[in-house]
Amino acid sequence: MKQVLFGGLAALSMFIYACQGTSKNTGGDTSAVVTTASPSWKLEGTRWKLKEFPANPIAIPPSEKDIYISFVDTSSQIQGFLGCNGFGGKYLATDKGDLQISDVVSTQMACPSLDVENALGKAMAATSKYTIDKDLLRLQRGDSILATFTAIQQ
């Protein structure tokens, strides 16, 4: 009896496995290809690349390394790269969108231009809330957007 039951379960498992569809594109009509929804970005655990300072038209120079911030949820630490110097600090965020960034310290390397670093430092110090819309993070003081970031895969 056990052998019949085991054999039946094995046959059923193979049948179910063989009947599963695939999402392999065969090069034909691509309108039937299923796409996945964009990821839901969170403040913590995402690397946020600097996009712009909407109220302050400072050009963000191209560089080999992204200017970014990351919020580490397990320790309430913020870290990132300012363009020439690395930085770290603390943050306090609520589910309602309140955000305070404090105790920010950075390396002190001599850099040709510190415009972006200074602007980002001031934006972090003035931030009182944040919003995330799709893949965009906005650091805000009230309704004023201080800096905008784009989510990037880590």
Side-chain angles (χ1 to χ4, degrees), residues 13 16-154:
S13 297
I16 291 172
Y17 179 76
C19 290
Q20 290 180 348
T22 64
S23 60
K24 189 175 183 181
N25 186 359
T26 59
D29 181 17
T30 59
S31 63
V33 176
V34 176
T35 58
T36 58
S38 61
S40 173
W41 299 103
K42 296 181 181 179
L43 182 66
E44 292 94 356
T46 301
R47 180 174 280 197
W48 297 100
K49 179 182 174 183
L50 181 63
K51 181 180 178 185
E52 65 183 343
F53 298 103
N56 193 357
I58 296 175
I60 299 170
S63 68
E64 294 177 18
K65 209 171 167 189
D66 292 332
I67 298 171
Y68 75 93
I69 60 175
S70 291
F71 297 85
V72 184
D73 61 344
T74 58
S75 61
S76 297
Q77 298 290 312
I78 186 171
Q79 59 191 20
F81 182 69
L82 297 166
C84 181
N85 290 291
F87 75 93
K90 297 179 182 178
Y91 77 95
L92 179 61
T94 68
D95 293 339
K96 295 178 183 179
D98 299 318
L99 177 64
Q100 291 179 328
I101 299 172
S102 62
D103 301 329
V104 175
V105 295
S106 68
T107 58
Q108 299 294 312
M109 294 180 59
C111 308
S113 175
L114 295 175
D115 294 345
V116 173
E117 292 197 15
N118 291 334
L120 185 51
K122 289 178 184 176
M124 288 189 292
T127 296
S128 63
K129 72 178 195 174
Y130 73 97
T131 57
I132 297 175
D133 182 23
K134 296 181 184 174
D135 67 339
L136 292 179
L137 166 67
R138 293 179 185 93
L139 298 184
Q140 298 176 225
R141 177 152 195 92
D143 291 333
S144 298
I145 300 171
L146 305 171
T148 303
F149 299 82
T150 303
I152 54 177
Q153 296 288 342
Q154 291 190 4

### Query
Do you know the tightest heavy-atom contact between Ser128 and Gly142?
OG-N, 3.3 Å
### Task
Might you point out which heavy atoms bring Leu146 and Gln140 nearest each other, and give the distance in Å?
CD1-C, 3.9 Å
### Summary
What one should report as the nearest heavy-atom pair of Pro54 and Ile145 is CG-CG2, 3.6 Å
### Task
For residues Glu44 and Tyr91, determine if any side-chain heavy atom of one lies less than 4.5 Å from a side-chain heavy atom of the other.
yes
### Task
Taking Ser76 for its side chain and Leu92 for its backbone only, find out whether a donor-acceptor pair lies under 3.5 Å.
no
### Query
How long is the gap from OG1 on Thr150 to NZ on Lys134, to the nearest 0.5 Å?
13.0 Å
### Task
To the nearest 0.5 Å, tell me how far Lys49 NZ sits from Lys65 NZ.
13.5 Å
### Interatomic spacing from CZ in Phe71 to CD1 in Ile78 - rounded to 0.5 Å
4.0 Å
### Query
CG/Leu50 to CZ/Phe149 distance, rounded to the nearest 0.5 angstrom?
5.0 Å
### Task
Please check if the side chain of Trp48 supplies one atom and the backbone of Leu43 the other of a donor-acceptor pair under 3.5 Å.
yes
### Summary
Between Arg138 and Thr148 the two heavy atoms that sit nearest each other are CG-OG1, 4.1 Å
### Message
So which atom in Trp41 and which in Thr46 form the shortest heavy-atom distance, rounded to 0.1 Å?
### Response
CE3-CG2, 3.6 Å
#### Entry: Test item: Asn85 side-chain N/O and Met109 main-chain N/O as donor-acceptor pair under 3.5 Å
yes
### Message
Nearest 0.5 Å, please: how far is NZ in Lys42 from CG in Asp73?
### Response
9.0 Å
#### Entry: Check: Met124 and Ile69 side chains under 4.5 Å, non-hydrogen atoms
yes
#### Entry: Any donor-acceptor N/O pair, Glu117 side chain to Cys84 backbone, under 3.5 Å
yes
### Heavy atoms of other groups near Lys129 NZ, more than 12 under 6.0 Å
yes
### Task
Return yes if some donor-acceptor pair links the side-chain N/O of Ser70 with the main-chain N/O of Gln79 below 3.5 Å, else return no.
no
### Message
Nearest 0.5 Å, please: how far is CG in Leu137 from OG1 in Thr131?
### Response
7.0 Å
### Message
Surrounding CD of Gln100 (heavy atoms of other residues, nucleotides or ligands, distance under 6.0 Å), is the total greater than 12?
### Response
no
## Note on the structure
Scanning both residues in full, the closest heavy-atom pair of Phe53 with Ile58 reads CD1-CB, 4.2 Å
